[in-house]
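First comes the structure, then the notes that go with it.
Values in this document were obtained by computation on a predicted structure and should not be read as measured data.
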There are 2 protein chains.
Amino acid sequence: MNLLKQKYTLPAGKIDLTSFGEVLVDLITTGEDMALAKATLFQRYFGGAAANVAINMKKLDNKCALISRVGDDSLGQYLKNILVKEKINIEGLQCDPTRRTPLILVNKSKKTPSWLPYRGADRYIEDKEINYRLIKNSKIFFLTTFILSQKPSRTTALRALDYALQEDKIIAFDPCYRPQLWPEENNGYQLVKRIIGTADFIKPSLDDAHSFFGPDTPENYLQRYLKLGAKIVILTMGEAGVLAGDEKTTIRIPIYPTTAVDVTGAGDSFWAGFMTGILSGFTVERSIKLGSGTAAYKVKNIGALSPIPGKEEIISSFNI
Amino acid sequence: MNLLKQKYTLPAGKIDLTSFGEVLVDLITTGEDMALAKATLFQRYFGGAAANVAINMKKLDNKCALISRVGDDSLGQYLKNILVKEKINIEGLQCDPTRRTPLILVNKSKKTPSWLPYRGADRYIEDKEINYRLIKNSKIFFLTTFILSQKPSRTTALRALDYALQEDKIIAFDPCYRPQLWPEENNGYQLVKRIIGTADFIKPSLDDAHSFFGPDTPENYLQRYLKLGAKIVILTMGEAGVLAGDEKTTIRIPIYPTTAVDVTGAGDSFWAGFMTGILSGFTVERSIKLGSGTAAYKVKNIGALSPIPGKEEIISSFNI
């Protein structure tokens with residue numbers, strides 16, 4: 001069977017997507033090519049892949065919930081305010097009484113990009129505070145890798161994933177493995193491998209693949225992910241478009257013409273468009289195109305949460 | 001004996017001051033009256049009372065060492081670069097391989113001032129990495145309260161203090177108690193009380209006193225600190241000047257006329273001027289005046305490390 005031509009039978013659920021992962025503050029250096037050790041001015045942005053994906057999905061008219069944890073502090077309040085404004089279901093947003101809202105210092109320089117995470121509450125998502133009905137009521141369960149990198153959030157995430165699998169939800173996994181986030185032990189690679197094997201969809205970028213496998217060709221990356229048991233792999237390659245495949249077929253989809261101003265969060269908007277396609281009953285191939293079309297709109301403006309139009313406009317713009 | 005008229009017999013030591021405490025990054029909101037939850041732009045500053053005191057002391061021509069701990073990251077590198085540039089002895093600056101350089105988000109608003117500490121390496125100053133010869137070779141041992149608030153740094157600091165006491169060093173303690181920094185248990189108050197009893201000099205601000213004792217008058221604060229065993233208490237009261245005393249005598253010293261632009265770090269520059277006086281063989285009273293004179297220069301410019309002139313210029317400017 002060619003999975004790429006397949007339309008998914010959707011599980012029951014009033015919520016389209018439950019996203020399990022990080023919501024955090026990005027403090028991004030202003031000005032170009034300024035190393036973190038020299039940067040003097042930082043601009044605050046809403047961040048975290050799990051939250052960005054949920055908000056982009058909501059903009060495409062899906063019902064979305066977020067499971068995450070922030071601190072009981074002013075930055076946590078800021079993040080919560082935005083999630084509420086964007087109409088994300090935050091029943092699953094835990095508030096840690098003692099630990100801080102996570103933040104990441106980011107240097108946007110193209111020469112020596114670097115980042116410095118200050119983690120806190122995000123590491124402590126509590127299993128006993130998880131409302132499993134959120135997952136039971138959802139069609140897709142989306143999981144990030146960031147949140148897996150430290151316990152006890154890792155343990156909670158794995159239990160939530162097991163529950164989603166047992167309830168036959170569609171599993172979407174973002175395999176963004178960065179060894180420097182896994183300080184306790186070095187089994188991160190093995191764990192991410194194992195989760196890839198349970199997912200319906202994974203969407204690594206070339207950076208993710210390089211960080212996971214070391215240097216190789218896009219074609220080989222695709223095959224190596226498939227060998228780990230991923231059912232469908234969508235490798236996003238920036239301007240080189242998308243290479244996607246299942247065990248039988250490989251396809252290439254070029255990007256849509258656009259004026260790229262800021263690629264921050266392009267992957268998150270791709271995910272949102274792609275999953276919106278799946279939820280709309282599109283084939284995987286057409287859903288990938290909707291992902292690319294959504295990302296093409298996102299990169300026209302600055303910020304991970306820059307405006308995107310409705311699904312119909314994206315479809316008609318690019319003849320998807 | 002009227003301690004305020006006393007000149008101190010200085011202990012032997014090639015180093016004038018060893019400062020034990022925090023060096024960290026302050027990320028301060030730009031613009032006035034912007035609550036942290038709404039602030040979008042943050043400026044990076046060198047911070048930490050222990051480091052500020054050491055640098056100000058060095059500017060007044062003293063030999064200074066810092067015992068502290070930063071992360072092995074770009075912010076740690078930034079702090080280290082400044083300490084090296086300012087010619088601080090950093091043999092005692094530990095570098096944590098896994099934990100972050102501490103940073104504090106600060107809102108400078110006068111209406112609702114607030115701060116959000118992200119602690120890391122500063123909590124983990126290792127006793128086994130302390131070079132006790134630094135303390136043995138110093139005349140004054142200066143200790144902050146911030147660094148006492150969490151273990152294991154607390155344990156290390158207490159051992160270093162015991163050693164300094166045993167070696168008959170002059171003990172200067174900054175009793176800046178803030179309950180929100182003491183999350184593990186509530187014995188901070190008792191511990192700070194005990195250390196006050198071992199110190200030759202403490203210099204609380206009115207804010208420190210309020211945070212420690214609750215509301216009371218300056219005169220009562222002074223007596224309450226003395227009752228805890230502090231030999232000399234120097235209560236700084238901003239524009240109202242200084243109220244200082246020992247068990248026999250109380251004196252008031254008005255501030256010197258100045259154009260205050262930014263009071264950040266005024267207390268740290270006061271400490272530096274005061275201890276420079278003690279090291280110069282001045283009486284406590286004249287040393288307090290040198291502290292006030294130094295602070296009067298500091299507040300003329302923005303930043304905790306704004307320029308201050310040499311000791312002689314401060315003395316002649318204000319007829320100290």
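Annotation for A:Lys59: atom NZ counts as buried by contact number, over 12 foreign heavy atoms lying within 6.0 Å. Within 6.0 Å of NZ in B:Lys58 there are more than 12 heavy atoms belonging to other residues, nucleotides or ligands. Heavy-atom neighbours of B:Ile82 CD1 from other residues, nucleotides or ligands within 6.0 Å: above the threshold of 12.
Without hydrogens or angle criteria, B:Tyr118 side chain to A:Thr101 main chain gives a donor-acceptor distance under 3.5 Å.
In terms of heavy-atom pairs under 4.5 Å with chain A, the best-connected choice from B:Gln180, B:Arg100, B:Arg99 is B:Arg100. Chain A forms more heavy-atom pairs under 4.5 Å with one residue of B:Gln77, B:Lys38, B:Arg119 than with any other, namely B:Lys38.
A:Thr98 does not touch chain B: none of its heavy atoms, backbone or side chain, sits under 4.5 Å away.
Expressed to the nearest 0.5 Å, how far OG of A:Ser74 lies from CG of B:Leu105 amounts to 7.0 Å. How far CG of B:Leu36 is from CG of A:Leu75: 6.5 Å, rounded to the nearest 0.5 Å. Taken to the nearest 0.5 Å, the CZ atom of A:Arg44 stands 13.0 Å off from the CG atom of B:Leu27.
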